[in-house]
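To start, the structure itself, in structure tokens.
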Amino acid sequence: MIEAWYQKVKENVERVMVGQDEPTFLLLVALASEGHALLEDVPGTGKTMLARSLAASLGLGFKRVQFTPDLMPSDLTGVNVWREGRFEFVPGPVFTHVLLADEINRATPKTQAALLEAMAEGQVTTDGQTRRLEPPFFVIATQNPVEMDGTFPLPEAQLDRFLMRLRLGYPSLEEEVAVLERLRGAHPVEALEMVSSPAEVLEVQAQVRRVRVDPSLQRYVVAIVRATREHEAVELGASPRAALALQRAAMAAAALLGRDFVLPDDVKRVAHPVLEHRLLLRPEVRLEGVRPEHVVEAALRAVAVPTEELG
């Protein structure tokens, strides 16, 4: 069921996006895992359009917030307004299914932190009153890694709240030509039809929770995470939360590919987007050109793959 769901959503997104099969797969992994995703790439690579296409395909409510230095926490969560002799709560844009936090690193840490409760607990507290967010709730944040003047980089604790970080990259020559042809007239996202529903997304998430993970694979996941902590280039390695995220993402990847059990290849496929943003490298090795992806790749090479019969 989940494999068919994935295929129909992917094919629908492809009506708008060209050459973004892997980012689409990983975003659906994050959604099916009940996590959140950070899209980090240069302007104009289609980050916002991918988020819009995904929300439209899934039939989910979608809101976009442009993060700026003057954005206040209440601009996200909502505010109480005095109307007709009483206070009435006016919900902010966080009360939706898919929230696109555009250029999240341009807002102040106080505003960035306003998302933490919503992302971690699916609720918002304003003026002492807690309100639940309607599931599914999925945050897709974007940030531009090249224009850093006037930005507020996300602290490690907040980066850790994102299940994965993705990069879209530039399209190939043929793909870029196809983009020009596709966008000569009206933008195809305006006519994109829904092929799923919130109830179907919730059922997918429930089925992912039932995917089996062999104990040998759990040890494999933990060994990879621990290997990042022991790498000589790392000042702060992946946390136990990273191990939980890696297992859950591997479970979702297996489900999208039509299996009810996890294979080592599922873990390997999601390891880079799940772990890289959780690693803090020592300053001197960063100057030498060592990157988090090098550490994750070294961890994958260093840990022996389980050879037990799985499934």
Side-chain angles (χ1 to χ4, degrees), residues 1-3 5-7 10 20-38 40 156 159-160 162-169 204-205 207-282 285 289-311:
M1 174 267 182
I2 298 183
E3 184 181 18
W5 174 82
Y6 162 58
Q7 290 296 332
K10 179 176 78 76
Q20 299 295 350
D21 288 356
E22 188 64 10
T24 300
F25 174 78
L26 292 173
L27 276 181
L28 288 171
V29 164
L31 174 61
S33 304
E34 302 172 67
H36 308 282
L38 177 64
E40 182 178 277
E156 282 68 30
L159 280 172
D160 200 37
F162 287 97
L163 183 86
M164 57 178 60
R165 180 181 65 183
L166 314 178
R167 296 183 178 90
L168 303 189
V204 166
Q205 292 177 339
Q207 290 194 36
V208 166
R209 291 194 291 270
R210 295 193 289 268
V211 170
R212 290 178 285 119
V213 186
D214 190 86
S216 65
L217 273 178
Q218 291 181 323
R219 295 186 67 86
Y220 180 58
V221 166
V222 172
I224 291 170
V225 169
R226 292 177 68 88
T228 67
R229 301 174 199 160
E230 298 162 1
H231 195 284
E232 60 182 9
V234 173
E235 183 174 314
L236 180 66
S239 67
R241 183 187 287 141
L244 290 169
L246 184 55
Q247 174 178 262
R248 180 58 67 88
M251 291 164 65
L256 294 187
L257 296 174
R259 281 181 276 104
D260 64 353
F261 59 93
V262 174
L263 293 176
D265 283 348
D266 300 319
V267 178
K268 293 178 181 178
R269 185 168 182 178
V270 299
H272 281 276
V274 169
L275 297 179
E276 285 179 10
H277 64 290
R278 293 178 156 93
L279 305 180
L280 181 62
L281 304 187
R282 293 189 289 111
V285 301
V290 178
R291 307 285 296 169
E293 53 264 37
H294 301 148
V295 175
V296 175
E297 191 60 39
L300 291 173
R301 289 197 306 266
V303 177
V305 177
T307 56
E308 291 87 346
E309 187 71 25
L310 303 172

Worksheet entry | Which residues share a side-chain contact (heavy atoms from CB on, under 4.5 Å) with Ala242, sequence neighbours left out | Ala238, Ser239, Leu275, Arg278
Worksheet item: Which value, rounded to the nearest 0.5 Å, describes the distance between Leu236 atom CG and Leu279 atom CG?
Response: 8.0 Å
Worksheet entry | NE2 on His277 to CG on Leu38, rounded to 0.5 Å | 7.0 Å
Fill in: Straight-line distance of Leu26 CG to Gln20 CD, nearest 0.5 Å
11.0 Å
Fill in: Minimum heavy-atom distance Arg259-Val211, with the two atoms named
O-CG2, 4.4 Å
Item to complete: Tell me, please, which residues at least two apart from Arg210 pass salt bridge (charged side-chain N to carboxylate O under 4.0 Å, His left out).
Response: Glu203
Worksheet item: Taking all non-hydrogen atoms of both residues, which atom of Ala245 and which atom of Leu163 are closest, and how far apart?
Response: CB-CD1, 3.6 Å
Worksheet item: Taking C-beta and beyond as the side chain, do Phe261 and Asp214 meet within less than 4.5 Å on heavy atoms?
Response: no
Worksheet entry | Partners passing side chain to side chain donor-acceptor pair (under 3.5 Å) against Arg167 (at least two apart in sequence or in another chain) | Glu40
Worksheet item: Does Val285 have any side-chain contact (heavy atoms from CB on, under 4.5 Å) partners at least two apart in sequence or in another chain, and if so, which?
Response: Ala233, Leu281, Arg282, Glu288, Val290
Discussion item. Give me each pair satisfying salt bridge (Lys or Arg N to Asp or Glu O under 4.0 Å) with a member in residues 217-246, each pair once, sequence neighbours excluded.
Written reply: Asp160-Arg241
Worksheet entry | For Gln205, side-chain contact (heavy atoms from CB on, under 4.5 Å) partners two or more places apart | Leu31, Glu34, Pro136, Val201, Leu202, Arg209
Worksheet entry | Residues that His36 engages under ring-ring contact (aromatic ring centres under 6.0 Å, His included), provided they are two or more places apart | Phe137
Fill in: With sequence neighbours excluded, residues passing side chain to side chain donor-acceptor pair (under 3.5 Å) with Gln218
Gln247
Worksheet item: Can you name the nearest heavy-atom pair linking Leu27 to Ala37, along with the distance?
Response: CD2-CB, 3.5 Å
Worksheet item: Between atom NZ of Lys268 and atom CG of Leu300, what is the distance when rounded to the nearest 0.5 Å?
Response: 7.5 Å
Response to the item:
Closest non-hydrogen atoms of Pro306 and Ser216, given as atom of the first, atom of the second and distance, are CG-O, 3.7 Å
Worksheet entry | Flag side-chain contact, heavy atom, 4.5 Å: Phe25 against Leu257 | yes
Item to complete: Give, for atom CG of Leu280 and atom OG1 of Thr228, the distance between the pair rounded to the nearest 0.5 Å.
Response: 11.5 Å
Worksheet, complete the sentence: Residues at least two apart in sequence or cross-chain that pass side chain to side chain donor-acceptor pair (under 3.5 Å) with His272, listed by chain then number, are Glu276, Glu297
Discussion item. Going by the rule side-chain contact (heavy atoms from CB on, under 4.5 Å), which residues pair with Ala32 if we only count those two or more places apart in sequence or in a different chain?
Written reply: Val204, Val208, Ala252
Worksheet item: CG/Leu263 to OH/Tyr220 distance, rounded to the nearest 0.5 angstrom?
Response: 11.0 Å
Worksheet item: Among all residues two or more places apart in sequence or in another chain, which pass the side chain to side chain donor-acceptor pair (under 3.5 Å) test with Glu22?
Response: Arg269
Practice prompt. Mind listing the closest non-hydrogen atom pair of Asp266 and Ala250 along with its distance?
Written response: CB-O, 3.8 Å
Practice prompt. Of all the heavy-atom pairs spanning Ala243 and Val221, show the shortest one and how long it is.
Written response: O-CG1, 3.6 Å
